S.K.: 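Handing you this structure, nothing more for now.
For clarity, every value in this text was computed on a predicted model and none was experimentally measured. Proteins come first, then strands; the chains are lettered A, B, ... in the order of their sequence lines, and each starts at number 1.
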Amino acid sequence: MSYDFNTIEARWQNYWAENGTFKADNNSDKPKYYVLDMFPYPSGAGLHVGHPLGYIASDIYARYKRHKGFNVLHPQGYDSFGLPAEQYAIQTGQHPAITTKENIARYREQLDKIGFSFDWSREVKTSDPNFYKWTQWIFIELFNSWYDKDTDKARTIDDLEAIFTSEGNAKINAVCDEDITAFTAADWNNFSSKEKQEVLLKYRLTYLAETEVNWCPQLGTVLANDEIVNGVSERGGYPVIRKKMTQWSMRISAYAERLLQGLETIDWTDSLKESQRNWIGKSVGASVTFKVKEHDEVIEVFTTRPDTIFGATFMTLAPEHELVAKITTPEQKAAIEAYIEATAKRSERERMADVKTISGEFTGAYAEHPFTKEPVPIWIGDYVLAGYGTGAVMAVPCGDQRDYDFAKHFDIPITNIFEGIDISEEAFADKEKTIIANSDFLNGLNYKKATKTAIYELEKLGQGQGKTNYRLRDAVFSRQRYWGEPFPVYYVDGMPQMIDVAHLPLALPEVEKYLPTETGEPPLGRADIWAWDALKGELAKNEDIDNVNIHPLELNTMPGWAGSSWYPFRYMDANNDHEFASAEAMQYWQNVDLYIGGNEHATGHLLYSRFWTKFLKDRAYITVDEPFKKLINQGMILGTSAIVYRISGSNTYVSKGLKDQYETEELRVDVSLINSSDELNIDALRKWQPQFNDADFELEDEKYIVGREVEKMSKRWFNVVNPDGICEQYGADSLRLYEMFLGPLEQAKPWNTAGITGVHSFLKKLWKLYHDGETFGVTDTEPTKENLKTLHKTIKKVEEDIENFSFNTSVSTFMIAVNELTAQKCTSRAVLEPLIVLISPYAPHIAEELWQKLGHDESISTAAFPVFEEKHLVESTKQYPISFNGKMRFTMELSLELSKDEIEAAVMAHEKTQEQLAGREPKKVIVVPGKIVNVVG
RNA sequence: GCUGAAGUGGUGGAAUUGGUAGACACGUUGGACUUAAAAUCCAAUGGCCUGUAAGGCCGUGCGGGUUCAAGUCCCGCCUUCAGUACCA
């Protein structure tokens, strides 16, 4: 009876689906465990073997936890809104809804073949109105909230209005727009409705503001900071320019400190936490205001080194700084304008690439030093960024290398304020070794004391205070695209209004053209029926109906990360019509115990979802502060591309070994045309692409050998390997085992299909272990000591491996176990039954089949994990390596029951020791492992 | 530059956390079974030395150090990958 994996796998996949084997219950006495994968974008290309890696790992863990008696929630869904889905739809010329549906069907088919234990009854799709209804609902909640710094949490706008009505905004300590002005209760009550709305908008956690955004003309939309890599768009690599637009923003900056602190409470890798810390970019220092001479203006700067304030010999403003035009003297006007124009012309990318060239211009204006009252020249320079801090710095050339370089370049005086430090060559920036000099009341103080004193003196003058600055910017939340969640927003007299929650979801309308526009007009503007009955009723009630704009609805859509910022909670109660999830369900499931996904989301999704979670907790909708307790980043599986070498200007291809004799160019060909010894199938290649039809090939040893290169698995490199083909040829269990066997989960590793034969023949051996020729061969004979030793060794190792996520080594452990038991001719049920439970998380199909043959009616997933018993591993004797004077070594069998002294005596009495000792004076004899036994000589 | 991770056979990778380095698998070589191929099974496989065996020496990026004992710990370098960058 042979191992017919195709039949077995189809049978059990059916069985699981029909019996709802992996349906999780929201009510259970068992402890809960929530295992989640980052849900996929259903792209048109389908899955390649790299995609399921994390899913297989999480599936093994989920199945393991079930064996361990946990009620496991292990759902799956699709992040089906957003740019990739829409780009694919544009490429294929079809409506995104249709292509998305097709892609999801294809993904599901592929996923089902691999045998995951997902609870599909909880499937979510972010583009499903039943899902994005709640995304819209959360948006409304954010709109109706503000951040109270005193209680350090979000509160309702109703609370805020009540405070305004009774006492104005003087006592409010909120995270809000900086240009807020003070008003009293009386002022507030006299404001018009529109004025009130304008004020409130500046406090809301999601707000509408004209901001400078990252505009990508090719994608036809704005991008968040984390969607830009090296100055170009993350998707497509298109240039990004700065542009002023009115956009929705998320006040994530309110949560900067809590997002930073929260990292201490979660089990993520150091590198990931570090990425988030960098992104949040906390720096502690002071804000200082400098008066501009002969003007009423002041310049505010942020500095981390207020202790060096006496070294400030000039100031630098970003070219975009709003005061530049006002303070520039007539003589300098032309030069300044030329400089600003030149800077504006350079793209973000050029500016980043060229950090060495020092450029700047003097404005002609002077500021007044807060303490010395000396004039401080004001410069502009593009090394100061408009987007960070206040866009202005007090330049301390002796203490900052950039200021130093700038000063040297423009011959600005440099004052040394450091005790005993030579600054003739470079600036001195070591805080720890700093002793301040030449600085009036700061003289003789170290960095810490001087900083404190300087801030104290600045406060006395009313020209500064201690301040903490964060790099984290508020996130732009509008996209000028079609395929996203519509905002539940309409405008009355230019002011945004939320539609009534009762009318959610606000469904995405059909449009004729969903392609983005070059000008930034949202595609939804073209919707013919972007009218909505309930909303009409709403508007009709409003007395300002006459002022309604032509497009009374918000026409932008939400970004890709909107739905993914809260979806873990939806799985807890995925079919709830009344709320995003019931309080009971969320009380039970809490948060995700284990989250597995790629590390490309380090500063996007993982930061936004933490932000929304904290917000929902503040508003008491959920009880947890962090969405993901433990997070593991699976490494990428790389493809091994095949390269042929074409002689330049000809249609002749030379084998790899001959390529150096010619001038060649490299072409990638499909990896399916290559056999395991890198030999190219030329006939197949001719059929593959017409350009090879009449090509000539120069062979070596009558073979064409291709070059190989390990790189990202991608259609454009023709190195994609699909899981479907592997499942057909070797089975899903082989695929699962092999993906784990490839190497450590978190490491990037190349795929090589040839190696799968190892795990495949392991499964065949496993099958044979349970079969005696043609019949099922498990017997009720007593296991031998050896059998039990093998079993318990395996239990111990596998349990440790799974707990440590070292799935690769347990595959080896299984192989060793099966080889040993085969050699021992073990047929004992007492060994073979627990063994198959151990293997079942990795290879569930074969496990189910054998489990049934062992006489069980229920799925193996209900079986308990075998209990490890130490006694089976204990031997009466052990081989001890003996190390003598650190050099000579031999092994000696010693009883485990011996004491330290007895071991010593035994070693000394042993003939081999005598031999080694002959004629010499030993200093020590060492017995390993464990304790060192000194045998004195 | 900064931050994080990592360097072990021909290849992917093990190594009980300081205790016989190279488990397991791929690949390669030889053999068995086959008319043959596939499949399967067996053996060998880090390098070097001695004719073989027994055995020995050298070996975990490089150079030092601690230790009876170092892939593992410490100091100083080199290299690779990832993230980030004029952050005041």
Side-chain angles (χ1 to χ4, degrees), chain A residues 2 229-231 269-279 281-283 285 301-305 308 312 315-316 318 351-352 354-358 381-385 387-396 399-403 405-406 429 469-471 599-600 602-603 633 635-636 640 676-677 708 737-738 741-744 746-762 764-765 768 796-797 800 806 808-816 819 879-891 922-935:
Chain A
S2 66
V229 179
N230 293 330
T269 60
D270 288 341
S271 69
L272 204 88
K273 287 185 182 182
E274 200 55 35
S275 294
Q276 294 222 337
R277 281 192 201 106
N278 286 341
W279 195 259
K282 179 180 182 175
S283 46
V301 301
F302 174 75
T303 177
T304 53
R305 298 294 304 273
T308 64
M315 301 186 76
T316 314
R351 252 173 103 162
M352 275 207 272
D354 177 28
V355 296
K356 290 217 176 86
T357 315
I358 295 162
D382 67 359
Y383 81 96
V384 176
L385 306 175
Y388 183 76
T390 60
V393 299
M394 64 171 211
V396 183
D400 182 285
Q401 194 58 42
R402 289 156 307 170
D403 296 342
D405 295 340
F406 194 87
N469 201 47
Y470 297 91
R471 194 182 85 106
N599 66 0
E600 66 273 23
T603 48
N633 288 132
M636 209 190 306
T640 313
S676 56
S677 4
R708 306 308 299 253
L737 281 168
Y738 189 51
F741 184 69
L742 272 178
E746 305 189 47
Q747 214 170 78
K749 48 217 170 252
W751 178 266
N752 171 19
T753 304
I756 201 170
T757 53
V759 293
H760 187 62
S761 64
F762 155 73
K764 285 196 262 189
K765 282 185 207 165
K768 272 192 197 159
K796 187 171 186 232
K797 185 76 168 77
E800 281 169 7
S806 314
N808 55 330
T809 48
S810 35
V811 180
S812 301
T813 307
F814 295 141
M815 291 181 180
I816 294 165
N819 283 340
Q879 290 287 321
Y880 279 93
I882 311 292
S883 161
F884 175 70
N885 272 0
K887 268 288 176 191
M888 294 160 260
R889 268 203 220 113
F890 56 94
T891 64
K923 287 233 168 63
K924 285 168 183 172
V925 171
I926 289 85
V927 182
V928 290
K931 284 134 206 149
I932 293 172
V933 181
N934 287 346
V935 178

S.K.: Identify, between A/Asp400 and A/Trp279, the residue whose nearest nucleotide on RNA chain B lies closer to the 5' end.
M.R.: A/Trp279

S.K.: In whole Å, measure the gap between the P atoms of B/G61 and B/A6 for me.
M.R.: 13 Å

S.K.: Classify A/Glu800 by what it touches in the nucleic acid, base, sugar-phosphate, or nothing, heavy-atom distance under 4.0 Å.
M.R.: nothing

S.K.: Between B/U50 and B/G71, how far apart are the two P atoms, rounded to whole Å?
M.R.: 27 Å

S.K.: To the closest 0.5 Å, what do you measure between OG1 (A/Thr809) and CZ (A/Phe814)?
M.R.: 9.5 Å

S.K.: For A/Glu274, is there an ion pair with A/Arg277 - N to carboxylate O distance below 4.0 angstrom?
M.R.: yes

S.K.: Syn or anti: how is B/U60 classified when any glycosidic angle within 90° of 0 counts as syn?
M.R.: anti

S.K.: Has A/Lys764 got a side-chain N or O lying under 4.0 Å from the OP1 or OP2 atom of B/U40?
M.R.: yes

S.K.: Answer yes or no: is there a side-chain heavy-atom contact under 4.5 Å between A/Asp400 and A/Arg305?
M.R.: no

S.K.: Can you tell me which nucleotide in B/C41, B/C24, B/C87 comes closest to the side chain of A/Leu385?
M.R.: B/C87

S.K.: Given the C1' atoms of B/U17 and B/A53, what is the spacing between them in whole Å?
M.R.: 38 Å

S.K.: Considering only the P atoms, how many Å lie between B/C78 and B/C62, rounded to the nearest integer?
M.R.: 15 Å

S.K.: Keeping A/Asn469 on the side-chain end and A/Ser283 on the backbone end, is there a donor-acceptor pair under 3.5 Å?
M.R.: no

S.K.: Between atom CD1 in A/Ile756 and atom C1' in B/U11, what is the gap in whole Å?
M.R.: 17 Å

S.K.: Of the listed nucleotides (B/U3, B/A88, B/G4), which one gets closest to any side-chain atom of A/Val393?
M.R.: B/A88

S.K.: Starting at atom CZ of A/Arg471, determine the distance to atom P of B/U3, rounded to an integer number of angstrom.
M.R.: 16 Å

S.K.: If you compare every side-chain N and O of A/Gln747 against the phosphate oxygens of B/G13 (OP1, OP2), does one of them come in below 4.0 Å?
M.R.: yes

S.K.: Taking a pair as Watson-Crick (N1 to N3 plus N6-O4 or O6-N4) or G-U wobble (N1-O2 and O6-N3), both under 3.5 Å, which stems of 3 or more consecutive pairs involve RNA chain B?
M.R.: B:1-7 with B:78-84, B:10-12 with B:24-26, B:27-32 with B:40-45, B:46-49 with B:55-58, B:61-65 with B:73-77

S.K.: Looking at B/C86, B/G12, B/A88, which one has an atom nearest to any side-chain atom of A/Phe741?
M.R.: B/G12

S.K.: Can you tell me the distance, in whole Å, between the CG atom of A/Asn752 and the P atom of B/G10?
M.R.: 18 Å

S.K.: In whole angstrom, give me the gap between the C1' atoms of B/G19 and B/A43.
M.R.: 31 Å

S.K.: Could you give the distance from OG1 (A/Thr308) to CE (A/Met394), rounded to the nearest 0.5 Å?
M.R.: 4.0 Å

S.K.: How long is the straight-line distance from CZ of A/Phe406 back to OG1 of A/Thr316, given to the nearest 0.5 Å?
M.R.: 5.0 Å

S.K.: For A/Ser761 and for A/Lys749, find the nucleotide of RNA chain B with the closest heavy atom, then tell me which residue's nucleotide is more 5'.
M.R.: A/Lys749

S.K.: Side chain of A/Ser812 only, heavy atoms from C-beta on: which candidate in B/A88, B/A14, B/C24 is closest?
M.R.: B/C24

S.K.: Has A/Ser275 got a side-chain N or O lying under 4.0 Å from the OP1 or OP2 atom of B/U3?
M.R.: no

S.K.: Give me syn or anti for B/G9, where syn covers glycosidic angles within 90 degrees of 0.
M.R.: syn

S.K.: Just how far, in rounded Å, is C1' of B/C86 from CG of A/Asp405?
M.R.: 10 Å

S.K.: Tell me what A/Lys765 touches on the nucleic acid: a base, only sugar-phosphate, or nothing, going by heavy atoms under 4.0 Å.
M.R.: sugar-phosphate

S.K.: Taking all atoms of both residues into account, what is the closest heavy-atom pair of A/Leu385 and A/Ala318, and its distance?
M.R.: C-CB, 4.0 Å

S.K.: Determine the Euclidean distance between corresponding P atoms of B/C48 and B/G9; express it in Å to zero decimal places.
M.R.: 15 Å

S.K.: Should the pair A/Trp751 and A/Tyr738 be assigned to parallel (<30°), tilted (30 to 60°) or perpendicular (>60°) ring geometry?
M.R.: perpendicular

S.K.: What's the CZ-C1' distance between A/Arg708 and B/U11, to the nearest Å?
M.R.: 13 Å

S.K.: For A/Asn808 and B/A14, is the shortest distance between a side-chain N/O and OP1 or OP2 below 4.0 Å?
M.R.: yes

S.K.: Please report the distance separating the C1' of B/A5 from the corresponding atom of B/C24, rounded so that it comes out in whole Å.
M.R.: 25 Å

S.K.: Given atom CG of A/Leu272 and atom C1' of B/U3, what is their separation to the nearest angstrom?
M.R.: 13 Å

S.K.: Over how many whole Å does the gap from A/Gln401 atom CD to B/C87 atom C1' extend?
M.R.: 16 Å

S.K.: Take atom C1' in B/G55 and the same atom in B/U28, then report the distance between them in whole Å.
M.R.: 27 Å

S.K.: Mind checking if A/Thr757 touches a base, just sugar-phosphate, or nothing, with heavy atoms under 4.0 Å?
M.R.: sugar-phosphate

S.K.: B/A25, B/A82, B/C86: which one has an atom nearest the side-chain heavy atoms of A/Met815?
M.R.: B/A25

S.K.: Choose from B/A23, B/A5, B/A88 the nucleotide whose nearest atom is closest to any side-chain atom of A/Asp270.
M.R.: B/A5

S.K.: Tell me: CD of A/Glu274 to C1' of B/U84, nearest whole Å?
M.R.: 11 Å

S.K.: Listed by chain and number, what are the salt bridge (Lys or Arg N to Asp or Glu O under 4.0 Å) partners of A/Arg471, not counting sequence neighbours?
M.R.: none

S.K.: May I ask you to evaluate whether A/Arg402 reaches the phosphate of B/C87, defined as a side-chain N or O under 4.0 Å from OP1 or OP2?
M.R.: yes

S.K.: If I take atom CG from residue A/Asn819 and atom CD1 from residue A/Ile816, how far apart are they, to the nearest 0.5 angstrom?
M.R.: 8.0 Å

